[in-house]
Amino acid sequence: ALAGLSMGAGQADMIGLAALDRFSVIGLFSGGGRDFAQRHAALLANPAATNAQLAWLYIGVGSTDGLVLPSVRPMHEALQAAGIRHTYRELPGYGHSWPVWRHILYHEFLPRLFAPPTN
């Protein structure tokens, strides 16, 4: 697994999604997405292969995050249009701040990351 928040989410996006042979779970918290469709054209072009390698892609952002929401939402839309499985969550009323990252990490990402697999 590889995850990051803010600039770390951008790094997790660039590093993790370019190395799906090493990372099958990626968490992007309030970041990533800049020029996503261009940088990850191969992933979007072959969703079956991407879905086979990617166990879970989590993208979370605050609904009032003016810093990264303009690039994160189009990333979600590109993944959705391509048919690549992912979890996308906009937390209402949150901006680019610690409360959104704490909620994402503690209540959404870590519990599922360490949960037994379900069939």
Side-chain angles (χ1 to χ4, degrees):
L2 180 66
L5 61 90
S6 192
M7 188 187 323
Q11 293 170 333
D13 167 8
M14 292 172 52
I15 295 166
L17 290 173
L20 291 180
D21 58 324
R22 292 184 207 111
F23 302 103
S24 64
V25 175
I26 299 170
L28 308 177
F29 313 151
S30 299
R34 181 174 288 163
D35 302 320
F36 184 83
Q38 293 80 21
R39 286 185 300 103
H40 296 299
L43 295 179
L44 296 171
N46 193 347
T50 302
N51 284 332
Q53 289 184 292
L54 193 57
W56 187 32
L57 172 59
Y58 179 93
I59 304 164
V61 64
S63 68
T64 63
D65 188 336
L67 183 63
V68 298
L69 186 60
S71 63
V72 172
R73 193 177 281 155
M75 172 177 54
H76 157 63
E77 292 166 353
L79 289 163
Q80 192 173 39
I84 295 174
R85 291 185 311 269
H86 65 288
T87 301
Y88 178 73
R89 178 98 154 88
E90 282 186 27
L91 280 83
Y94 285 99
H96 197 81
S97 61
W98 173 245
V100 71
W101 304 323
R102 180 180 58 214
H103 177 87
I104 289 169
L105 185 65
Y106 185 75
H107 293 288
E108 298 188 22
F109 191 74
L110 289 179
R112 182 168 167 191
L113 182 65
F114 293 108
T118 58
N119 293 340

Rounded to the nearest 0.5 Å, what's the gap from [atom1] on [X] to [atom2] on [Y]? Could you check?
X     : Y      : atom1 : atom2 : result
Met14 : Leu28  : CE    : CG    : 12.0 Å
Leu20 : Leu2   : CG    : CG    : 10.5 Å
Tyr88 : Leu57  : OH    : CG    : 12.0 Å
Ser71 : Asp65  : OG    : CG    : 8.5 Å
Thr87 : His76  : OG1   : NE2   : 10.5 Å
Leu91 : Glu108 : CG    : CD    : 5.5 Å

4.5 Å side-chain heavy-atom contact, [X] and [Y]:
X      : Y     : result
His40  : Thr50 : no
Val72  : Phe36 : no
Leu79  : Leu44 : yes
Leu105 : Leu5  : no

In terms of the angle between their ring planes, are [X] and [Y] parallel, tilted or perpendicular, with boundaries placed at 30° and 60°?
X      : Y      : answer
His103 : Tyr94  : parallel
Phe109 : Trp56  : parallel
His96  : Trp101 : perpendicular

Any side-chain to backbone donor/acceptor pair from [X] onto [Y]? Under 3.5 Å, distance only.
X     : Y     : answer
Arg39 : Arg34 : yes
Asn51 : Gly83 : yes
Ser63 : Gly93 : yes

